[in-house]
Amino acid sequence: MVTGGLALAACSHQGGGAPDTSPAPTDVLSGGPRTSASSDASLKASAAPADSPGDHVSPDSLQVLVNKRNPLSPRDYAPSDLQAFGSVQLRSAAAQAAQQMFDAARQAGLSLIALSGYRSYAEQVGTYQHWVNTYGKEQADVASARPGYSEHQTGFALDVGTGAGCDLQVCFRETDAAQWLAEHCTRFGFVLRYPWQQHETTGYWFESWHFRFIGTDQADAYRKAKARSLEDFWGYPTAATYAD
């Protein structure tokens with residue numbers, strides 16, 4: 001999820017399919033679009049569904065779900081097992097898996113770099129407030145995740161680039177790196193967190209660079225299920241807007 005660099009919203013899925021014809025703002029960051037909700041009740045998810053495997057609520061859980069309807073608890077949570085991965089930090093398990101994924105990409109002739117990993121609550125406070133001060137709250141909510149609602153705060157989210165001009169931009173989807181990652185990320189326990197045309201479910205526009213570590217077993221099940229999003233895979237309602 002991007003919170004500091006621009007990314008155009010309209011784009012085509014790297015794996016093919018019909019283009020997204022929904023209206024899109026011209027400068028969208030990781031906060032994603034504000035879309036209409038059918039009803040507050042249909043969007044509300046305060047605890048993990050009984051039929052969902054794993055713990056999607058505890059912030060330390062590998063399967064914690066963080067979106068506009070499911071903030072971290074406590075909001076200022078910070079993981080205790082962060083370690084360096086390139087220029088960023090990730091939870092230990094995510095860092096080890098990311099290293100394996102980057103090594104495999106290198107063997108395939110690709111050079112990947114970590115652009116963003118863990119971000120603290122305090123960092124997100126500053127980022128979000130900058131957008132509120134500059135553009136107002138309504139625009140801020142489609143440009144940056146509110147503090148406590150950012151998946152990067154879990155330490156399981158990783159933005160990937162190549163060091164070229166398309167990093168964190170829509171055109172990254174056209175790169176060999178993005179296409180390789182989309183095809184192979186589940187082998188290493190990652191999923192593409194904000195897939196094409198799923199913004200009304202995830203709350204964020206398609207980001208071909210943002211990957212979420214959920215572990216190899218879950219990622220393999222996600223792939224086999226041909227899941228459209230983590231919300232769908234784990235049985236959660238849509239999270240296009242904040243509850244308030």
Side-chain angles (χ1 to χ4, degrees), residues 1-9 11 13-14 27-32 64-68 72 79 82-106 110-121 123-124 126-128 130-131 142-147 149-186 188-196 198-199 202-214 219 229-230:
M1 184 188 305
V2 185
T3 55
L6 290 179
L8 299 180
C11 55
H13 185 7
Q14 64 218 23
D27 57 339
V28 177
L29 303 184
S30 62
V64 62
L65 179 67
V66 182
N67 59 27
K68 291 180 178 180
L72 286 162
L82 292 170
Q83 69 178 59
F85 178 68
S87 62
V88 307
Q89 288 184 308
L90 293 171
R91 296 283 299 272
S92 177
Q96 294 175 30
Q99 186 62 64
Q100 294 173 355
M101 185 167 67
F102 278 36
D103 288 345
R106 187 177 299 109
L110 301 170
S111 180
L112 305 180
I113 60 173
L115 299 174
S116 184
Y118 169 71
R119 291 196 209 107
S120 70
Y121 180 89
E123 289 177 299
Q124 200 65 26
T127 298
Y128 179 74
H130 164 76
W131 281 93
V142 301
S144 177
R146 295 178 184 178
Y149 292 81
S150 174
E151 194 176 57
H152 279 285
Q153 195 177 326
T154 67
F156 290 132
L158 175 65
D159 290 341
V160 181
T162 62
C166 283
D167 285 356
L168 305 180
Q169 303 293 327
V170 170
C171 59
F172 183 69
R173 66 181 171 82
E174 302 289 354
T175 66
D176 291 340
Q179 294 175 25
W180 186 92
L181 285 163
E183 181 178 355
H184 296 284
C185 66
T186 55
F188 308 96
F190 288 89
V191 296
L192 182 64
R193 180 63 177 97
Y194 304 118
W196 174 244
Q198 295 303 309
H199 54 276
T202 66
Y204 300 102
W205 289 104
F206 172 54
E207 292 186 357
S208 56
W209 55 84
H210 182 111
F211 294 86
R212 164 66 193 273
F213 183 67
I214 59 173
S229 67
L230 279 184

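Since the structure is predicted, the reported quantities are computational estimates derived from the model, not experimental observations.
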Chemist: Measure the shortest side-chain to side-chain distance between V66 and Q153 over non-hydrogen atoms and say whether it is less than 4.5 angstrom.
Modeler: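 Heavy-atom side-chain distance check fails, nothing below 4.5 Å.
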Chemist: How close do F172 and G161 get, counting heavy atoms only, and between which atoms?
Modeler: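 It is CE1-CA, 4.0 Å.
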Chemist: Who are the side chain to side chain donor-acceptor pair (under 3.5 Å) partners of T162, not counting sequence neighbours?
Modeler: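 Result, side chain to side chain donor-acceptor pair (under 3.5 Å) vs T162: none returned.
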Chemist: Counting only pairs under 3.5 Å, give me each side-chain donor-acceptor contact of residues 93-100, with atom names and distances, residues two or more places apart or in other chains.
Modeler:
from: Q96; atom 1: NE2; to: S92; atom 2: OG; distance (Å): 3.1
from: Q99; atom 1: NE2; to: D103; atom 2: OD1; distance (Å): 2.9

Chemist: Please answer whether the main-chain N or O of S120 pairs with a side-chain N or O of E123 as donor and acceptor at a distance below 3.5 Å.
Modeler: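 Judged by distance alone, yes, a pair lies under 3.5 Å.
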Chemist: Is the shortest heavy-atom distance from the side chain of V191 to the side chain of T186 under 4.5 Å?
Modeler: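 Side chain of V191 against side chain of T186, heavy atoms only: contact under 4.5 Å found.
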Chemist: Taking all atoms of both residues into account, what is the closest heavy-atom pair of S87 and A114, and its distance?
Modeler: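 The answer is OG-O, 3.5 Å.
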Chemist: According to the ring-ring contact (aromatic ring centres under 6.0 Å, His included) rule, which pairs have a member within residues 86-106, sequence neighbours left out?
Modeler: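 Residue pairs with at least one partner in residues 86-106: F85-F102.
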Chemist: Mind checking ring-ring contact (aromatic ring centres under 6.0 Å, His included) for F156 and listing every partner two or more places apart, or none if nothing turns up?
Modeler: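 Result, ring-ring contact (aromatic ring centres under 6.0 Å, His included) vs F156: none returned.
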Chemist: Given side chains that start at C-beta, do those of R91 and Y118 come closer than 4.5 Å, heavy atoms only?
Modeler: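 No, too far: nothing below the 4.5 Å cut-off.
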Chemist: Of all heavy-atom pairs between G163 and I113, which one has the smallest distance, and what is that distance?
Modeler: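 Result for this residue pair: N-CD1, 3.4 Å.
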Chemist: One pair to check against side-chain contact (heavy atoms from CB on, under 4.5 Å): R212 and I214. What are the steps and the verdict?
Modeler: CA-CA 6 Å; R212 164 66 193 273; I214 59 173; 3.9 Å; yes
Chemist: Can you confirm whether Y194 sits close enough to H199 that some side-chain heavy atom of one is under 4.5 Å from a side-chain heavy atom of the other?
Modeler: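 Of all side-chain heavy-atom pairs linking H199 with Y194, none is under 4.5 Å.
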Chemist: Should L115 and V160 count as side-chain neighbours, where that means a heavy-atom distance under 4.5 Å?
Modeler: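 No, their side chains stay 4.5 Å or more apart.
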Chemist: State the CG-OG distance between L90 and S116, to the nearest 0.5 angstrom.
Modeler: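 Output value for this atom pair is 9.0 Å.
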Chemist: Could you list the residues that satisfy ring-ring contact (aromatic ring centres under 6.0 Å, His included) with H184, not counting sequence neighbours?
Modeler: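 ring-ring contact (aromatic ring centres under 6.0 Å, His included) check on H184 returns W180.
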Chemist: Could you walk me through whether F206 and R173 pass the side-chain contact (heavy atoms from CB on, under 4.5 Å) test, one step at a time?
Modeler: CA-CA 10 Å; F206 172 54; R173 66 181 171 82; 4.1 Å; yes
Chemist: Listed by chain and number, what are the ring-ring contact (aromatic ring centres under 6.0 Å, His included) partners of F213, not counting sequence neighbours?
Modeler: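 Testing F213 for ring-ring contact (aromatic ring centres under 6.0 Å, His included), a comparison that skips the adjacent residues, returns F190.
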Chemist: For R193, check salt bridge (charged side-chain N to carboxylate O under 4.0 Å, His left out) against everything at least two apart and list the hits.
Modeler: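 Partners of R193 under the salt bridge (charged side-chain N to carboxylate O under 4.0 Å, His left out) test: E151, E231.
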Chemist: Can M101 and C185 be said to form a side-chain contact (heavy atoms from CB on, under 4.5 Å), step by step?
Modeler: CA-CA 7 Å; M101 185 167 67; C185 66; 4.1 Å; yes
Chemist: If I compare all heavy atoms of A178 with all of T175, which pair ends up nearest, and what's the gap?
Modeler: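 Scanning both residues, the minimum pair turns out to be N-OG1, 3.1 Å.
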Chemist: If we only count heavy atoms from C-beta on, is the R119 to S150 side-chain gap below 4.5 Å?
Modeler: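 Yes. Closest side-chain heavy atoms under 4.5 Å.
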Chemist: So, taking the atom named OG in S229 and the one named CG in L192, what distance separates them when rounded to the nearest 0.5 Å?
Modeler: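 So the gap between those two atoms works out to 11.0 Å.
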Chemist: Carefully, step by step, assess Y149 and N67 under the rule side-chain contact (heavy atoms from CB on, under 4.5 Å).
Modeler: CA-CA 6 Å; Y149 292 81; N67 59 27; over 6 Å; no
Chemist: Using side-chain heavy atoms (C-beta onward) and a distance below 4.5 Å, is C166 in contact with E174?
Modeler: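 No, their side chains stay 4.5 Å or more apart.
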Chemist: Mind checking side chain to side chain contact (heavy atoms under 4.5 Å, CB included) for Q198 and listing every partner two or more places apart, or none if nothing turns up?
Modeler: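 For Q198 the side chain to side chain contact (heavy atoms under 4.5 Å, CB included) partners, ignoring immediate neighbours, are P195, T201, T202, R228, D232.
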Chemist: Which heavy atom of H152 sits nearest to which heavy atom of L158, and what is that distance?
Modeler: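 Answer, listing the atom of H152 first, then L158: CE1-N, 4.3 Å.
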